[in-house]
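Below is one structure, written out as structure tokens; the observations come after it.
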Amino acid sequence: MKKQKNAVILCHNYQRPEILLGIADFAGDSYGLSVEARKTDADVIAFCGVHFMAETAKILNPQKKVLIPSLEAGCSLAESITAKDVRQLKSEHPGVPAVCYVNTSAEVKAECDVCCTSANALKVIEAMPGNEVIFVPDKFMAANLQARAKKKIIAWSGKCIVHDSFSAEQVLEYRHSYPGLKVLAHTECLPEVVSLADMAGGTTDMINYIAASKEKRFLIATECGMSDLLRERFPDKEFITPCSICPYMKKITLENVLEALEKEMFEVKVPENVREKAKKALDRMIEIGK
Ligand code: 13P
Ligand code: SF4
């Protein structure tokens, strides 16, 4: 079906193993997927991830048909903020640049000066003019960035329900039980978890860290799909994975990917006036990330 439709299957690192390891043409983090969406010459992009990611692919590829196999594949962060909320924040802080994490809707991106991902957030924030930035929607990521950033971060109150579930006590217990453990935490985790980690970053940062490390044991504080991917990619290493399932990511199944391709549904659409403004925020991110 993929060949018949000249489709490419883009897949986030958290997807089910049968999708990620079985049918994906490209697996990556949010940033890698946006870049790949830009490069593809396929007519159809079947997006195995959550809605804001498929929307990002559409913003960058208006001429392509972008499909999301389930309309229930949302995100607690993206759903925590609206375009109206961003306008309100900007009016409370006039002239302060607004940075949005990629986990936001197209309407929210359209209200912001620049977008960022976990892999490039600090670089993007530091590239903004002035001593303050508005950062939406993740409050934990904002606090984690604040610990490293030179400027003041004005945060929104969103959180990821998956990364919210890891605790500092849990990390300390695992460290005690597994000597020599390296702790890798996603930057969406609570600051007390990130401060105990050996490395904090996005999903690709985690893969790169493990690939470059001589260590054998890693605790992975992120979504469960990463554990499947890491065990496949690094069979000689040991992964301790308390792991938490993203109910949104797991709405994508092999069956609904096939159905999406067969029926060319559900097509992701973004109104042109919103798309143009959101694209500026993404283009600026890609430019800063180079
Ligand atoms: P990455 O961009 O690090 O892959 O993260 C996306 C995401 O949704 C994390 O929960
Ligand atoms: Fe959203 Fe969290 Fe799921 Fe990522 S893991 S898609 S941030 S709810």
Side-chain angles (χ1 to χ4, degrees), residues 10-16 19-20 24 26-37 47-57 60 68-81 99-105 108-109 115-124 135-142 144-145 155-166 184-190 193-194 197 199-210 220-230 233 241-252 268 282 285-286 289:
L10 300 187
C11 184
H12 188 263
N13 289 332
Y14 293 160
Q15 281 301 310
R16 295 167 188 273
I19 296 177
L20 187 75
F26 182 85
D29 65 0
S30 314
Y31 179 74
L33 292 172
S34 358
V35 174
E36 203 60 30
F47 210 104
C48 299
V50 292
H51 193 266
F52 76 80
M53 297 179 181
E55 230 181 21
T56 306
L60 298 173
I68 181 122
S70 167
L71 291 175
E72 290 176 285
C75 168
S76 67
L77 274 173
E79 285 156 24
S80 73
I81 188 161
V99 179
C100 61
Y101 186 32
V102 68
N103 297 38
T104 43
S105 66
V108 165
K109 288 186 180 75
C115 188
C116 73
T117 70
S118 40
N120 60 27
L122 190 62
K123 197 171 176 188
V124 168
F135 181 84
V136 299
D138 189 340
K139 64 175 174 182
F140 297 143
M141 191 183 260
N144 291 325
L145 286 164
W156 185 246
S157 54
K159 65 176 184 179
C160 162
I161 52 164
V162 173
H163 292 92
D164 186 30
S165 69
F166 300 104
L184 278 58
H186 198 282
T187 35
E188 288 171 15
C189 289
L190 280 82
V193 171
V194 166
M199 176 266 158
T203 53
T204 299
D205 298 323
M206 290 180 176
I207 296 169
N208 293 341
Y209 181 93
I210 296 161
I220 308 296
T222 192
E223 210 274 340
C224 299
M226 270 300 278
S227 325
D228 303 318
L229 177 68
L230 294 173
R233 212 167 279 182
T241 51
C243 115
S244 177
I245 285 199
C246 174
Y248 304 103
M249 285 279 179
K250 265 50 183 187
K251 289 286 185 296
I252 310 293
V268 176
L282 285 164
M285 166 184 86
I286 292 169

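Because the structure is predicted, anything quoted here is derived from the model rather than measured. In each ligand, atom 1 is the first atom listed, and ligand 1 is the first ligand listed.
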Residue [X] vicinity, atoms of ligand 2 by number, heavy atom under 4.0 Å:
X	value
E188	2 (Fe), 7 (S)
V162	5 (S)
L77	7 (S)
Y248	8 (S)

Which residue and atom name correspond to the protein heavy atom nearest [atom], and how close is it?
atom	result
atom 5 (O) of ligand 1	H186 NE2, 3.3 Å
atom 1 (Fe) of ligand 2	C75 SG, 2.4 Å
atom 10 (O) of ligand 1	E188 OE1, 2.9 Å
atom 3 (Fe) of ligand 2	C246 SG, 2.4 Å
atom 8 (O) of ligand 1	N103 ND2, 3.3 Å
atom 2 (O) of ligand 1	S30 OG, 2.8 Å

Report yes if some heavy atom in the side chain of [X] is under 4.5 Å from a heavy atom in the side chain of [Y]; otherwise report no.
X	Y	answer
M141	F135	yes
M285	K123	no
I245	V162	no

[X] side chain to [Y] main-chain N or O, any donor-acceptor pair under 3.5 Å?
X	Y	answer
N208	D205	no
D164	C160	no
E55	H51	no

C160 near atom 3 (Fe) of ligand 2: N/O/S under 2.8 Å: no
Considering only NZ, NE, NH1 and NH2 on the basic side and carboxylate oxygens on the acidic side, decide whether E223 and K250 come within less than 4.0 Å. yes
Backbone, side chain, both or neither: what part of [X] comes under 4.0 angstrom of ligand 1, heavy atoms only?
X	answer
S118	side chain
T203	both
H163	side chain
T204	neither

Could you walk me through whether C224 and C243 pass the disulfide bond (SG atoms under 2.5 Å apart) test, one step at a time? CA-CA 5 Å; C224 299; C243 115; 2.0 Å; yes
Could you tell me if T203 and D29 have a donor-acceptor pair between their side chains, going purely by distance under 3.5 Å? no
Does a donor on one side chain sit under 3.5 Å from an acceptor on the other, for T222 and H163? yes
Mind telling me whether H12 and Y14 have parallel, tilted or perpendicular rings, with 30° and 60° as the class edges? perpendicular
Against heavy atoms of G202, which atoms of ligand 1 measure under 4.0 Å? 3 (O)
Quick one: which ligand 1 atoms are inside 4.0 Å of a heavy atom on Y14? 7 (C), 9 (C), 10 (O)
